[in-house]
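First comes the structure, then the notes that go with it.
To find a chain, count down the sequence lines: A is the first, B the second, and so on, and within it residues start at 1.
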2 protein chains.
Amino acid sequence: MTEEEYLAAYDPRAFPAVAVTVDVVALTIRDGALHVLLVRRGGPPFEGAWALPGGFVQPDEDLRAAAARELLEETGVTTLGRFHLEQLASYGAPDRDPRMRVVSVAHLAFAPDLPDPAAGSDAREAAWVPVDALGLPDAAGSRDRPVRQRPGTSRRLAFDHARILADGLERARGKLEYTPLATRFTGPEFTIAELRAVYEAVWGDSLHAGNFHRKVLSVPGFVESTGATTERGGTRGGPRSKLYRAGDARLLHPALLRPSREEAVR
Amino acid sequence: MTEEEYLAAYDPRAFPAVAVTVDVVALTIRDGALHVLLVRRGGPPFEGAWALPGGFVQPDEDLRAAAARELLEETGVTTLGRFHLEQLASYGAPDRDPRMRVVSVAHLAFAPDLPDPAAGSDAREAAWVPVDALGLPDAAGSRDRPVRQRPGTSRRLAFDHARILADGLERARGKLEYTPLATRFTGPEFTIAELRAVYEAVWGDSLHAGNFHRKVLSVPGFVESTGATTERGGTRGGPRSKLYRAGDARLLHPALLRPSREEAVR
DNA sequence: TCCAGTTGTACTCAATCTGAGTAGATCTCG
DNA sequence: CGAGATCTACTCAGATTGAGTACAACTGGA
């Protein structure tokens, strides 16, 4: 290795020609449903298809910075602010892009509910799309098998983006178990019910309200009370609820485990 | 993005010049201690320093295949066999290699105890090195902060490999909690005590033998009995123990949680 | 050969955690 | 104003956990 590397330093064309891109799986919750940020491709290949936002890593740009740039460009937001952004995985199958060898470093982002991206800001059309509308299989499945969208699904994703999205969803589901990142989907202050709605949307499962309440309050550093309550009760009645903000924990201990993982175990 | 991509397809030099490599954090357990596979660099930069095995991804090679190739080359083993190999993360800070922009897709491997790599097989010197001898900080820490090895540590790792190793160790510790991959560190048949030794080596913590025993046997699909027992008792006495092999579970449910994560929580 | 010390395995027991259900007060909507 | 929904706090039985006890089987050294 070292020999090659050293020589190659003097002749960059000795390296296999590879392009490095970042793609971003940006998730948010709207109307109680999980949405992902997609852009419509304006040129071939996959012209007209929806794809994850992404692009080339610039010469002096960190991978994370490149992902942040793509995320902010496409959401129309100026700072990372309350976003959560982490690296997801890299995808580099030789044939994943028909034009040339492209290795994509995928990232995963959690965002609070945002206004629709300003359509005029870019030639591309960007939109928050309900994840359910994309017809992904329920479980992410083996990392090596391709992810097929359900037949009849209106929006087919370009490249291997269905696989990347599936991996991102599975990672998101896991992250909610042992980190307090669910709070990144809400505003700075939230009710326990809002937090529960986040878990239900991401996990696709309804949770026992009482047990969830008890559990969230019992995990040290998950949430802290603001002392205030909502101005009004819920849309369909019920008392005003107390408001909380994110605590200082970086890991939930003990974790909130999602129900019924038995199926996926074998 | 799509515009640029399309144009660039006809002029590969429009892409920023980036090299893509794989690096492998290969772990095994020897004499009850966690070891990592390292190679000594034969040329600049970091000449003479130890580094993770790795190298360039070949033009038609999958990322995983490249990692497998490097792993097998350096261990002197011919097939992946009972290895576990997964992608860890990608590292692409613009200055991480002084020669040019290099994005490395790091992988994590678990191996059973292997003979020392045949020294003559390659110009490079490869060795299994006890992780403790590398003086890494106990916790992986924030992903963005550099990992500094303890002063006075004899083997300084090249590039950002200390950070990659630290991330690999943290991932390995977590994986043992909720997957049955500890069995990849043992031979095909093993005793519960051997399995416990794996956990203790990776977690750096001693475990209650009785509780560990109960827990392992109670998790469905973790291990299955072979019916046989060891030929002899332990080296320092004790009865012969029953032999087990890996079961068919891919996830442990419920998980084996490592003790005292409280500290790392905030 | 025997003994001291170690180990594998199986218990017990109290403390904790979990899922499920109940209950009451509070609020919205019609 | 009444029906229905929701937030929050309880209760309770069952499961899980950490810690300790018990004992037979085994090794190495005396």
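- Between the CG atom of Leu195(B) and the P atom of dT9(C) there is a distance of 12 Å, given to the nearest Å.
- Side-chain proximity of Ser241(B) to the nucleotides dT16(D), dG8(C), dA10(C) is greatest for dG8(C).
- Counting to the nearest Å, the P atom of dA9(D) and the CZ atom of Phe212(A) are 14 Å from each other.
- An OP1 or OP2 oxygen of dA9(D) is reached within less than 4.0 angstrom by a side-chain nitrogen or oxygen of Lys242(A).
- The distance between atom NE2 of His213(A) and atom P of dC17(C), rounded to the nearest whole Å, is 17 Å.
- What separates CG of Leu252(B) from P of dT16(D) is a distance of 14 Å, to the nearest Å.
- Among residue pairs with one or both ends in residues 211-224 of chain A, those qualifying as side chain to side chain donor-acceptor pair (under 3.5 Å) are Asn211(A)-Arg214(A), Glu224(A)-Arg245(A); sequence neighbours excluded.
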With a cut-off of 3.5 Å and sequence neighbours excluded, list every side-chain donor-acceptor pair involving residues 232-243 of chain A.
from, atom 1, to, atom 2, distance (Å)
Arg240(A), NE, Glu231(A), O, 3.2

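- Applying the 4.0 Å criterion to OP1 and OP2 of dC17(C), one finds that Lys215(A) has every side-chain N and O outside that range.
- Minimum atom distance to the side chain of Leu217(B) is reached by dA10(C), of the listed dT8(D), dA10(C), dC7(D).
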_Protein proximity profile, nucleotides 18-30 of chain D - base contact B, sugar-phosphate-only contact S, no contact -, cut-off 4.0 Å on heavy atoms_ = BBB----BBSS--
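- Under the ring pair (Phe, Tyr, Trp, His ring centres under 6.0 Å) criterion, Tyr199(B) pairs with Trp203(B), Phe212(B), sequence neighbours left out.
- The side chain of Ala209(A) lies closest to dT8(D), out of dT9(C), dT16(D), dT8(D).
- Looking at heavy atoms from C-beta onward, Val202(B) lies in side-chain contact with Ile29(B) at the 4.5 angstrom threshold.
- For Asp205(A) and dG19(C), the CG to P distance is 12 Å, given to the nearest whole Å.
- Phe190(B) pairs by the ring pair (Phe, Tyr, Trp, His ring centres under 6.0 Å) definition with nothing, not counting sequence neighbours.
- When the salt bridge (Lys or Arg N to Asp or Glu O under 4.0 Å) test is applied to Lys175(A), the partners found at least two apart in sequence or on another chain are Glu86(A).
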